Protein chains: 4
Amino acid sequence: MINKVILVGNVGIDPEVRAIESGVKVARVRLATTERIFNRQTNESTEHTEWHTVILWRGLADVVDRFVRKGSQLYIEGSLRTREWMDKENQKRYTTEIIASDMKLLGKRSDNPAGGQSAGQGGYQPQGGVQGGYAAPASQAGGYAQPAAQPVQPAAAPVVPPAEDPDDLPF
Amino acid sequence: MINKVILVGNVGIDPEVRAIESGVKVARVRLATTERIFNRQTNESTEHTEWHTVILWRGLADVVDRFVRKGSQLYIEGSLRTREWMDKENQKRYTTEIIASDMKLLGKRSDNPAGGQSAGQGGYQPQGGVQGGYAAPASQAGGYAQPAAQPVQPAAAPVVPPAEDPDDLPF
Amino acid sequence: MINKVILVGNVGIDPEVRAIESGVKVARVRLATTERIFNRQTNESTEHTEWHTVILWRGLADVVDRFVRKGSQLYIEGSLRTREWMDKENQKRYTTEIIASDMKLLGKRSDNPAGGQSAGQGGYQPQGGVQGGYAAPASQAGGYAQPAAQPVQPAAAPVVPPAEDPDDLPF
Amino acid sequence: MINKVILVGNVGIDPEVRAIESGVKVARVRLATTERIFNRQTNESTEHTEWHTVILWRGLADVVDRFVRKGSQLYIEGSLRTREWMDKENQKRYTTEIIASDMKLLGKRSDNPAGGQSAGQGGYQPQGGVQGGYAAPASQAGGYAQPAAQPVQPAAAPVVPPAEDPDDLPF
DNA sequence: TTTT
DNA sequence: TTTT
């Protein structure tokens, strides 16, 4: 019914961005979330790093392609999906991934490893996340063919756009 | 950048559902979230109930209209919005509301006060939430004119629909 | 940095509840989240069910033991953890689980399969979730030895208890 | 039952940090969340900024005091609370605030306005959030009297610390 | 494999 | 009142 994941962490390695046959773009990001764990018994503090595999489609994959690099700090919202696959010994294996529905680049523009070279071409927009989903027109999703020349697409529709003036509720 | 609210609670009074001039439907729901607070000093347990005003547009308002009543248990996802208005003394006042982007009816079908009478007319679908937003075709949003005769619309697009087969990632 | 999962779904099979050598209780719950997916191209609606493995420790495991059964509807909050293990062929395998930090029983008391028989013994408390973590006194966590005779423990500390009167902020 | 807010945004003005009579520290932060709204009808993109008032107690207030300034980018998790108060005309007014249960400083160390001067004194720890609640020993919460000389306290207990080895589940 |  |  509800299957929601929220992550804030750092990218461990430069993302992989590909296109499937239909031309739709997809990205794979390895994200680390590190937490400090304080053991009350021993009064010691240890650290645990959890590694997540995040899959991003279409517009989100495009933003990954342009702006996300090893070290980038990201906010990710998505859902869990466990895929079944066959290994070389023909045995069933399972992999759990996060399918992203929203992504934001965190920190200042200058923090971003990819921020520099794309200036003046649409540029870096850490505040302008792009939401995935069918809402995005196909023309935006297929933008992988002309990567940096076009401006960054406007973000997808807001969460719940009021039909008219939000300050004009009939209550 | 991220403005997200998640609530699970009970509806305090039958919702108000209206349409604005354009015909777009909007609902207002008062939702209670009760938490048990345990005071470690006194070893006493008290209860606090927080009341939230949730605004739901279009398809979500329609589901409220059909299935939500006083006592309904709901999952709400949305964002905070503080509106400014003028009181009778012409003084600025502020009201904070949650603009819903997703809603789910919780519990069993038989729990729902409105579940009974609408059976056979499209019916109760506690598992099928409807997401708000521009993604919903206008024809669905304007469904308030012919309320119960049409089937419950299929839920809005999933969070991030892969372009093709989710099990056929190029990685 | 942030590793958060929120699930609302139904339990697929009666939970397993065990104790490890130290006597600490732990539960394993299989939870289904079903979503309706609407394909805009084909105008068809399909359904996808995702299965999650949720691990609950101490007080939460105790509540699972008493009140959660196949069919129960739950709210779960937790974090992702991927464990490494060796299969029979001595090959590395990975399993991703959700370590719960909060759980709530949803729906009405009468919805709950375990609600009936435990009445008068501490009883069902769908509104009183128990939060995990070291915050819970050991005496509560170890309560598995005297299961149903003691009352349900008061919920763990609230999220952020103000030191004094919440209505007496110095701002 | 569940009353949860998640925010990522920028601080609009230097926080106010006070102590109440008991000596407990409390902070008030004004946080902006800006979203880009794309109007599909007009094909125009506008921006909306929502301002939130976040209240942080004890250890979290202490971290605010040391590291948060106008411009800081923050992750906030908390719950909604609407307070009632009397204005000068003795009329009831309502104010909705977010009571924080977790906070993280986002971006790189060097992004943080307060990062510079406190180096070598316990210093900036953007990765080490501090969670609120009674779980924090009073000695940490009352640290406002000796502000910068003591090291930043270790973060509060992790979400759900397994009793023993997380890799030694009995399932 | 990131970050502090 | 922030940020882009």
Side-chain angles (χ1 to χ4, degrees), chain A residues 7-16 28-36 45-54 63 67-76 104-113 115 118-119 122-130 151-152 154-155, chain B residues 1-3 82, chain C residues 1-3 82, chain D residues 7-16 28-36 45-54 63 67-76 104-113 115 118-119 122-130 151-152 154-155:
Chain A
L7 305 174
V8 176
N10 294 287
V11 174
I13 187 175
D14 282 351
E16 297 173 67
R28 185 178 177 273
V29 170
R30 289 284 290 167
L31 194 78
T33 56
T34 299
E35 71 172 326
R36 180 139 249 109
S45 170
T46 57
E47 215 177 69
H48 169 73
T49 295
E50 187 72 29
W51 285 97
H52 311 270
T53 299
V54 183
V63 177
F67 302 119
V68 177
R69 298 291 180 271
K70 174 178 168 176
S72 296
Q73 191 181 44
L74 300 181
Y75 168 93
I76 294 286
K104 302 280 190 244
L105 283 145
L106 302 177
K108 289 205 173 327
R109 180 193 177 115
S110 56
D111 292 346
N112 201 277
S118 61
Y124 176 77
Q125 35 73 278
Q127 298 278 15
V130 171
V152 170
Chain B
M1 215 173 185
I2 300 295
N3 172 359
T82 297
Chain C
M1 216 171 188
I2 300 296
N3 172 0
T82 297
Chain D
L7 305 173
V8 175
N10 294 287
V11 174
I13 187 174
D14 281 351
E16 296 173 68
R28 185 179 177 274
V29 170
R30 290 283 291 168
L31 194 77
T33 54
T34 300
E35 70 170 328
R36 181 139 249 110
S45 170
T46 57
E47 214 177 70
H48 169 72
T49 294
E50 186 71 28
W51 286 98
H52 311 270
T53 299
V54 183
V63 176
F67 304 118
V68 176
R69 298 290 179 272
K70 174 178 166 175
S72 296
Q73 191 181 44
L74 300 181
Y75 168 92
I76 293 286
K104 303 281 188 243
L105 284 145
L106 301 177
K108 290 206 171 325
R109 179 192 178 115
S110 56
D111 293 344
N112 201 275
S118 61
Y124 175 78
Q125 34 74 277
Q127 298 276 12
V130 171
V152 171

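These numbers were taken from a predicted model, which means no experiment stands behind them. We name chains A, B, ... by the order of the sequence lines, and we start the count at 1 in each one.
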Residue A:K108, side-chain atoms from C-beta onward, closest of F:dT4, F:dT2, E:dT4: F:dT4
Separation of F:dT4 P from D:R36 CZ (nearest whole Å): 13 Å
For D:E16, side chain to side chain donor-acceptor pair (under 3.5 Å) partners two or more places apart: D:R18, D:R28
Side-chain heavy atoms of A:V63 within contact of A:L105, under 4.5 Å: yes
Distance, rounded to the nearest Å, where B:M1 contributes CE and F:dT3 contributes P: 13 Å
Whole angstrom value for the distance that separates P of E:dT3 from CD1 of C:I2: 18 Å
Value in whole Å for how far the C1' atom of F:dT2 lies from CG of D:D111: 14 Å
Expected output: side-chain D:E50 to main-chain D:T33 donor-acceptor under 3.5 Å: no
Atom pair distance, as rounded to whole Å: NE2 in D:H52 and P in F:dT2: 15 Å
Nearest-angstrom distance from the residue atom CG of D:D14 to P of F:dT2: 11 Å
Sugar-phosphate only, base, or nothing, as touched by D:T33 at under 4.0 Å among non-hydrogen atoms: nothing
D:E47 side chain, from C-beta outward: closest of F:dT2, E:dT2, F:dT4: F:dT4
Separation of F:dT3 C1' from D:L31 CG (nearest whole Å): 11 Å
Separation of atom CZ in D:R69 from atom P in F:dT3, rounded to whole Å: 15 Å
Selection from E:dT2, F:dT4, F:dT2 that lies nearest to any side-chain heavy atom of D:N10: F:dT2
Base of E:dT2 paired with side chain of A:T49 (donor-acceptor, under 3.5 Å): yes
Close side-chain approach of D:V11 to D:L31, heavy-atom, < 4.5 Å: yes
